[in-house]
Number of protein chains: 2
Amino acid sequence: MQAGTADEEWREDCAPRRTLELFATKWTSMILHTLHVRHDGPARTGVLLRSIPGISKKMLTQTLREMEAAGLVVRTVHGTVPPAVDYALTPLGARFVEPVELLYDWGRRNADALDALQAKPTSRR
Amino acid sequence: MQAGTADEEWREDCAPRRTLELFATKWTSMILHTLHVRHDGPARTGVLLRSIPGISKKMLTQTLREMEAAGLVVRTVHGTVPPAVDYALTPLGARFVEPVELLYDWGRRNADALDALQAKPTSRR
DNA sequence: CGGGATCCTGCAGGATACTG
DNA sequence: CAGTATCCTGCAGGATCCCG
């Protein structure tokens, strides 16, 4: 099998790599997760804002926009005078919750491994 | 449960978020994966370079450096005249292979969901 | 309250050339 | 072959102000 390239389909647009893009935009997975744990219905913008510490209003709306365009969430406007908007997962969006939870669960169960890291690739000042 | 903030520990340095940082640096997970599937021993720099289409020589060494500092890989120099260097997973690094494979496997099994995306968050020209 | 528009910044990350 | 050093670029993402 010689393998000048790779021993499996490992092109730039293969499935694994495209999955990674989900996590390339910093907030996407957290929004998916939040919409999931709050599956008692759609979530208002303000709720999302307060549920995800550190996210800015701009990035929240921007990411939601992209997710809506991607077909991951649906946006519903209720009022017009004091705007009341909520977001809900689409069936497609719900599917992407799985890899997110997979990853997050692993993190929770392996906090000791995370602690054992000498220096983090990012977030190191 | 009121939840002004979050319904679970969801601070900026919680385990899930720190797990995400693993994938923040674009190439880390791919290197982990490559070192894993080539577990028949350590891998030479050139092998890694050819196994990961699209990675540049610079990013490869740079990422490997960070991973070494983090304790994920060990670097071994063999020659000095024609430098022969190889990298191997540490026990800690091996642990981080799991979430990577988890994610990649999901992607392979759910290529249809990836195809169903209308617009990708990234890689959109 | 939700969200657009604008400005500004850091940093991931590519290209290239040089050393041993 | 492996690695370093520069230079340069795009873009994620923060802060701020304004609109309905």
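Everything quoted here is computed from the prediction, not taken from an experiment. Order of the sequence lines sets the chain letters (A, B, ...), proteins ahead of strands, with each chain counted from 1.
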Over 60° means perpendicular and under 30° means parallel, so classify the ring planes of Trp10(B) and His33(A), tilted if in between.
parallel
Quickly, which of Ile55(A), Leu60(A), Leu32(A), Leu64(A) forms a side-chain contact (heavy atoms from CB on, under 4.5 Å) with Trp27(A)? Name it, please.
Ile55(A)
Correct closest heavy-atom pair for Ala69(A) and Gln118(B) would be O-CB, 3.0 Å
Side-chain heavy atoms of Leu20(A) within contact of Ser29(B), under 4.5 Å:
yes
Of all heavy-atom pairs between Ala113(A) and Leu92(B), which one has the smallest distance, and what is that distance?
O-CD1, 3.8 Å
When you measure from the side-chain N and O atoms of Ser56(A) to the phosphate of dG14(D), is any distance below 4.0 Å, counting only OP1 and OP2?
yes
Inter-end axis angle, the helix from dC1(C)-dG20(D) to dG20(C)-dC1(D), with every axis fitted to five base pairs (rounded, 10 degrees):
30°
Should Val100(A) and Phe23(A) count as side-chain neighbours, where that means a heavy-atom distance under 4.5 Å?
yes
Could you tell me how far apart Glu68(B) (CD) and dA2(D) (P) are, to the nearest whole angstrom?
15 Å
Figure out the CG/P separation between Leu60(A) and dG14(D), and round it to whole Å.
11 Å
Name the residue closer to the 5' end of DNA chain D, choosing between Pro83(B) and Pro83(A) according to the nucleotide with the nearest heavy atom.
Pro83(B)
In whole Å, I'd like the distance from the CD1 atom of Ile31(B) to the C1' atom of dA12(C).
14 Å
With the side chain defined as heavy atoms from C-beta on, Met59(B) is closest, among dG20(C), dG13(D), dG13(C), to dG13(C)
Should Tyr87(A) and Val77(A) be regarded as members of a common hydrophobic cluster, given that ILVMFWY residues are connected when their side-chain heavy atoms come within less than 4.5 Å of each other, either directly or indirectly?
yes
Give each protein N/O atom lying under 3.5 Å from an N/O atom of nucleotides 3-6 of chain D, with the pair distance.
{"residue": "dG3(D)", "atom": "OP1", "partner": "Arg75(B)", "partner atom": "NH1", "Å": "2.1"}
{"residue": "dG3(D)", "atom": "OP1", "partner": "Tyr87(B)", "partner atom": "OH", "Å": "2.9"}
{"residue": "dG3(D)", "atom": "OP2", "partner": "Thr45(B)", "partner atom": "OG1", "Å": "3.2"}
{"residue": "dG3(D)", "atom": "OP2", "partner": "Tyr87(B)", "partner atom": "OH", "Å": "3.3"}
{"residue": "dG3(D)", "atom": "O6", "partner": "Lys57(B)", "partner atom": "NZ", "Å": "3.4"}
{"residue": "dT4(D)", "atom": "OP1", "partner": "Arg65(B)", "partner atom": "NE", "Å": "3.4"}
{"residue": "dT4(D)", "atom": "OP1", "partner": "Arg65(B)", "partner atom": "NH2", "Å": "2.4"}

Check the distance between dC11(C)'s P and Glu21(B)'s CD and give it to me in whole angstrom.
14 Å
Mind calculating the distance between CG (Leu20(A)) and P (dG13(C)) to the nearest angstrom?
11 Å
At less than 4.0 Å, is any side-chain N or O atom of Arg44(B) found next to OP1 or OP2 of dC1(D)? Yes or no.
no
With sequence neighbours left out, what residues match Arg95(A) under salt bridge (charged side-chain N to carboxylate O under 4.0 Å, His left out)?
Asp112(B)
Please state how far atom CH2 in Trp27(A) lies from atom C1' in dC11(D), giving the value in whole angstrom units.
16 Å
How many whole angstroms separate atom CG of Leu49(A) from atom C1' of dG14(D)?
13 Å
Is it true that Glu21(B) and Arg18(B) make a salt bridge, defined as a side-chain N closer than 4.0 Å to a carboxylate O?
no
His78(B) NE2 - dA2(D) P separation (whole Å):
12 Å
